[in-house]
2 protein chains.
Amino acid sequence: MKETINLGIIGLGGRGESLLEYVILDEADVNVVGVCDLYEDRARKGFDLVKEKKGNEPLKTLDYHDILDIPGLDCVFVTSSWETHIQIAIDAMKKGIRPGVEVGAAYSIQQLWDLVRTSEETGVPCMMLENCCYGREEMMLMHMIRNGQFGEIVHCEGGYRHDLREEVGFGRENRHYRNANYMNRNCENYPTHELGPICQMLGINHGNRLLKLTSTASCSRGLNAYLTGEKGPEYDQASYPFAQGDVVNTVITCAHGQTISLTLDTTLPRYYSRGLVVQGTKAMYCEDNNSIFMDGVHSEMDGFYWKKFWGNAEEFRKDWESPTWKQFLEDGVRGGHGGMDYLVDRAFFDSVKNECDPPIDVYDMATWMCISVLSEESIALGGAPVYIPDFTNGKWIETR
Amino acid sequence: MKETINLGIIGLGGRGESLLEYVILDEADVNVVGVCDLYEDRARKGFDLVKEKKGNEPLKTLDYHDILDIPGLDCVFVTSSWETHIQIAIDAMKKGIRPGVEVGAAYSIQQLWDLVRTSEETGVPCMMLENCCYGREEMMLMHMIRNGQFGEIVHCEGGYRHDLREEVGFGRENRHYRNANYMNRNCENYPTHELGPICQMLGINHGNRLLKLTSTASCSRGLNAYLTGEKGPEYDQASYPFAQGDVVNTVITCAHGQTISLTLDTTLPRYYSRGLVVQGTKAMYCEDNNSIFMDGVHSEMDGFYWKKFWGNAEEFRKDWESPTWKQFLEDGVRGGHGGMDYLVDRAFFDSVKNECDPPIDVYDMATWMCISVLSEESIALGGAPVYIPDFTNGKWIETR
């Protein structure tokens, strides 16, 4: 086991900077030895943060290859724009460096195969930093599911339902990659926040797998209405024909017949929700009213009065808080997004220190990220069902 | 205008009997002149109810053709098993009798064309008694939408999410048609409770139309688990391979690009919900927490604190209660299902008395009911997109 680890960070936009400041630099056993961004001002900000909080002067560069050449580097955080994640991870593994890759999705199936094969050939693990797999609710549900409280899981729903009109609409001005993505692509562009935890609940790549999907996008109205309202009709993107539909519905079927319904919903006014619904033969959970319905405890007739049970998921914490969160609450919750950023990053650091497999591996990453490409394909084909590749090449059949 | 109308009722299972007792027989201007069911005891029960509450002795028969031959009959209620609805409606119209058809869905597209053509050729209107189009929430939302409060509607969701395990599982014993349907078919078998109101919100058949769908069914686990729990593994249907998947996800695309996501969810433990979600460029509604999010009033950041707005749809009643419900509340709400049974049946009676077009017409009926057949087709084809016929033959282009 390593006492300390040397980390480089590639990508210092909003996400990279906040992880650096609020998670990474607080960890005594992590040395930040390199910072990189395409923009000098962002790289400089990262450099200053490291110097201020840790005292050392990391390598600062605009070219991520320089980071991968730092002697003694153990791992990199890939917090760059979506479309660069996979190539950077591949290049890192080829140099023996473990990548921790922030959330995003894929642009081709081939690049995901390249990712998987690079990890297999180099023996270097690659972890996706899907923080929502460490959400308190998600982990409690997982704990209940593993203890049989939900019976057999039959159907799950999830979404990335987050009003990003400002971030997307003014993405050019703010150098945010989402703008160009929404201008040009039409797909489930951000599936993993909900899909990651759901796949863990359904044992995906461990005796089960994602088999096929269909995907349908609505028309695109939200950004035009928003930009017209904010900037007037003369603003050039106010009437730009954004390729991205406002709402994308994707329905996935698993090898054992379970279904997963995913919704991308980011350019209409709304409150934030990951829209999680879990339905088993013994219980169900619904995030939008944070309730758990237990067969034999609650009755269907409660439906007409279900309101009184809204929020009752809180009552299950006493018995079913996940061991990870129980400890975390005792130790003191820290890091962004309610603590889950800390937990996922810490899990990554520990896998690097212990030189062991990470809890979210390259097969999970490829399986979750491929959904964006395949939804793009299905939408382009008018909603045709599309087959989901088996990135494990059959290893999923053996329950691990 | 007719002073009173003569009505026959065909089908006296649970639904027919309750409508007879709690709605029809309370109306002073409706004479019940015939009662029919395939089962003698049910027909007898209907006869007794009429005699008790109205004093007259209606014709009692096991053959619905006898009802259609009653001299002076104005209309029939079709409250029989799903698979008989359309043929009975066709036979009624051929005799000049207006059918009011209870909720259900179709078994072939051809039979829906027969229904539409019979209405066109005979000039006899046919109304679907979709009570949820008269739900208080649905009508308030419709009122808000028509007044521009939601901006342009882009996406809607709805479901029939109702734990029917007892009704389906013991349907043989209780002579309920759902059992045989679930044994043999796999489809969105009951779409109209949610789809009817959504179609009205989206102007379907009035300048917009349903264009295509994809449908996906989960595996079937709920009924087996339920029957095994209730009756033990020896019970013959405890391990019967029900064709019907527990959850069916259907995604419809409209001519103008709006999407509608429907969920059938009737054989797993849960609370009742029609899962209505309405999303426009200015506002959204979510049934599962009964809240309305208004752009510019609420902020996306409220998402993290959205809980405090749960139930806030109630606050909109003051300004946006529909005129129909305002009047209904003043007059005194009556009839089943919170009053909406009364409203839809009364709308039917009024259309018969006034000899005018009903508010839900034969095109709406065919458009809404065809979804079950087409979802069956899409599921059978592995989720392939299926085209939705235009039962208006182009009349939908002219906004009526």
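Chain naming here is simple, since letters A, B, ... match the order of the sequence lines and numbering starts at 1 in each.
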I'd like to check [X] versus [Y] (side-chain heavy atoms, cut-off strictly below 4.5 Å). Are they in contact?
| X | Y | answer |
| --- | --- | --- |
| Tyr272(A) | Trp306(B) | no |
| Pro385(A) | Pro385(B) | yes |
| Arg165(B) | Asp295(A) | yes |
| Lys212(A) | Thr216(B) | yes |

query = Side chains of Arg221(A) and Gln258(B): do they bring a donor and an acceptor to under 3.5 Å?
reply =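 The answer is no; no qualifying pair exists.
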Interface moiety of [X] toward chain B, non-hydrogen atoms closer than 4.5 Å:
| X | answer |
| --- | --- |
| Glu157(A) | side chain |
| His155(A) | side chain |
| Tyr271(A) | both |

ask   = Does the distance from a Lys or Arg side-chain N to an Asp or Glu carboxylate O, for Arg270(B) and Asp302(A), drop under 4.0 Å?
value =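 Salt bridge: no.
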message = Only pairs of heavy atoms separated by less than 4.5 Å count here; which of Tyr305(B), Tyr226(B), Trp310(B) has the most with chain A?
response =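 The answer is Trp310(B).
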task = Heavy-atom pairs under 4.5 Å with chain A are the metric here; pick the option from Ile252(B), Val251(B), Leu381(B), Leu164(B) that has the most.
result =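 That would be Val251(B).
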ask   = In residues 281-291 of chain A, which residues are in contact with chain B at a heavy-atom separation under 4.5 Å?
value =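 Thr281(A), Lys282(A), Ala283(A), Met284(A), Cys286(A), Asp288(A), Asn289(A), Asn290(A), Ser291(A) fall under the 4.5 Å cut-off.
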Taking [options] one by one, which has the highest count of heavy-atom pairs under 4.5 Å against chain B?
| options | result |
| --- | --- |
| Glu152(A), Glu300(A), His298(A), His162(A) | Glu300(A) |
| Pro269(A), Gly257(A), Gly296(A) | Pro269(A) |
| Gly382(A), Gly222(A), Ser378(A), Ser299(A) | Gly382(A) |
| Gly280(A), Gly151(A), Gly338(A), Ala225(A) | Gly280(A) |

inquiry  = How about OH on Tyr235(B), more than 12 heavy atoms from neighbouring residues, nucleotides or ligands closer than 6.0 Å, or not?
reply    =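 Above 12, so yes.
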message = With a 6.0 Å cut-off (strictly less than), is the heavy-atom count around CD of Glu166(B), excluding the residue itself, greater than 12?
response =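 No, because the 6.0 Å sphere around CD of Glu166(B) holds 12 heavy atoms or fewer from other groups.
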ask   = Which pairs count as ring-ring contact (aromatic ring centres under 6.0 Å, His included) when at least one residue sits in residues 241-264 of chain A, sequence neighbours excluded?
value =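 Passing the test, one end in residues 241-264 of chain A: Tyr240(A)-Phe242(A).
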ask   = Can you tell me how far OG1 of Thr263(B) sits from CD of Gln279(A), rounded to the nearest 0.5 angstrom?
value =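 Answer rounded to 0.5 Å: 8.5 Å.
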key: Value rounded to 0.5 Å, distance of CG in Asp163(B) from CE in Met301(A)   =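 Reported value, rounded in 0.5 Å steps: 11.5 Å.
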If you take all heavy atoms of [X] and [Y], which pair is closest and at what distance?
| X | Y | result |
| --- | --- | --- |
| Ser261(B) | Asn249(A) | CB-OD1, 3.7 Å |
| Thr214(A) | Gly383(B) | CG2-O, 3.4 Å |
| Ser218(B) | Thr259(A) | CB-OG1, 3.2 Å |

